[in-house]
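Structure, as structure tokens:
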Amino acid sequence: MTKILTIISGKGGTGKTTVASCLAVMLSREKKIVTADCDVDAPNLGLSLGLRERDYSSSVKIKTSEKAELIEKRCNRCKKCLNVCSFNAIKWNKKQNIPVFDKLLCEGCGTCKIVCPKDAIKLRKVENAEISIGKTRYSFKIVSGQLKMGESGSGRIVMEVKRKAQEIARKENAELVLVDSSAGIGCPVIASVNGSDYVIAVTEPNPSALSDLKRGLKIVNHFGIPCGIVINKYDLNKEFSDKIEAFTKKNKIQILGKIPYNKGFVKALVNLRPAVVYNKRFEPLFIKILDNLKKSYEI
Ligand code: SF4
Ligand code: SF4
């Protein structure tokens, strides 16, 4: 059965996608994999693997969110819907004497539909994302989800991206789907983590990263998924790296690896290459991470 390895980071900018792209390249040398970019607000895994728009062979628009819409002929102008929207998406058009629903603000929660006595509001499915499939020069495919501007429903989009990646993995007999989650602890992260076999949390040595890491780990613990930590740029603040290590020791979480600060990682990003491809000297760092992972979990 295909396993799912998910990379998360409580805080943005910790180097999660750099770690994901390097691990994807290293893993693809020993097994068949598929990658899934589930950072649907800002998908960058494809870029860090060197894919350009033309490298995506197919894309499909999907509808995973709903918006309120008025059925004008049914509306009796009672105004009961006017003040129930927590997202401030309903205004009153005085000229036409009807409620107006702001599509950008509407989250499709359905409250207005529930309070309407005339069944004059319907929730209509809207196109809110695009899922693209591309092939990297490292022989594995990538499924990438992209949320449309101002749209919601990112958790469901992530589930669609994962579903598609698993479908491709089944067809191609791939053993592993590597998921690059978004940062934070919101719906897309929960949807990324849910159903994973192992989670790698990438952090860096500063208080906000540790605080966000702890919040991210709560999600992982909620689902009871085994997890390991990678400390990126650990040498920028060794004292704080020690604090992170003490935290992981106390909570029996494995440190899979520590990556030193090196401008080469930035240069690799600028050149649209995974760091392990841009500079082979980075390979041992990621070999060690995978070796440590394999000691505690069979991926
Ligand atoms: S569906 Fe929810 S968010 Fe949208 S307008 Fe109605 S109450 Fe507001
Ligand atoms: S609650 Fe229904 S009937 Fe009343 S104003 Fe709103 S849409 Fe019209």
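Each ligand, and each atom within it, is numbered from 1 in the order the structure gives.
- Under the 4.0 Å criterion applied to side-chain N and carboxylate O atoms, R74 and D119 are assigned as salt-bridge partners.
- Atom 4 (Fe) of ligand 2 has C78 SG as its protein N, O or S neighbours under 2.8 Å.
- Protein heavy atom nearest atom 7 (S) of ligand 2, with residue, atom name and distance: L70 CD1, 3.6 Å.
- Salt-bridge annotation for E204 and K11: present, with a side-chain N of the basic residue lying under 4.0 Å from a carboxylate O of the acidic one.
- One side chain, K295 or N292, offers a donor N or O that lies under 3.5 Å from an acceptor on the other.
- Ring pair Y198/Y297 is tilted by interplanar angle, where 30° to 60° counts as tilted.
- Around atom 2 (Fe) of ligand 1, protein N, O or S atoms at a distance under 2.8 Å total 1; waters are neither shown nor counted.
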Verdict with reasoning, E167 to R170, per salt bridge (Lys or Arg N to Asp or Glu O under 4.0 Å): CA-CA 5 Å; E167 186 187 303; R170 264 194 305 276; 5.5 Å; no
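- A salt bridge does not link K61 with E127: none of the charged nitrogens is closer than 4.0 Å to a carboxylate oxygen.
- Looking at residues two or more places apart in sequence or on another chain, you find no salt bridge (Lys or Arg N to Asp or Glu O under 4.0 Å) involving K73.
- For the pair R77 and E72, the salt-bridge criterion is met [side-chain N within less than 4.0 Å of a carboxylate O].
- Near I90, the atoms of ligand 1 lying under 4.0 angstrom from a non-hydrogen atom of the residue are 5 (S).
- S154 meets the side chain to side chain donor-acceptor pair (under 3.5 Å) test with no other residue; sequence neighbours excluded.
- In summary, the atoms of ligand 2 found under 4.0 Å from a heavy atom of I121, numbered by their order in the structure, are 7 (S).
- Using modelled atom types, one finds no donor on one side chain facing an acceptor on the other under 3.5 Å when comparing T14 with N232.
- For the pair K249 and E245, the salt-bridge criterion is not met [side-chain N within less than 4.0 Å of a carboxylate O].
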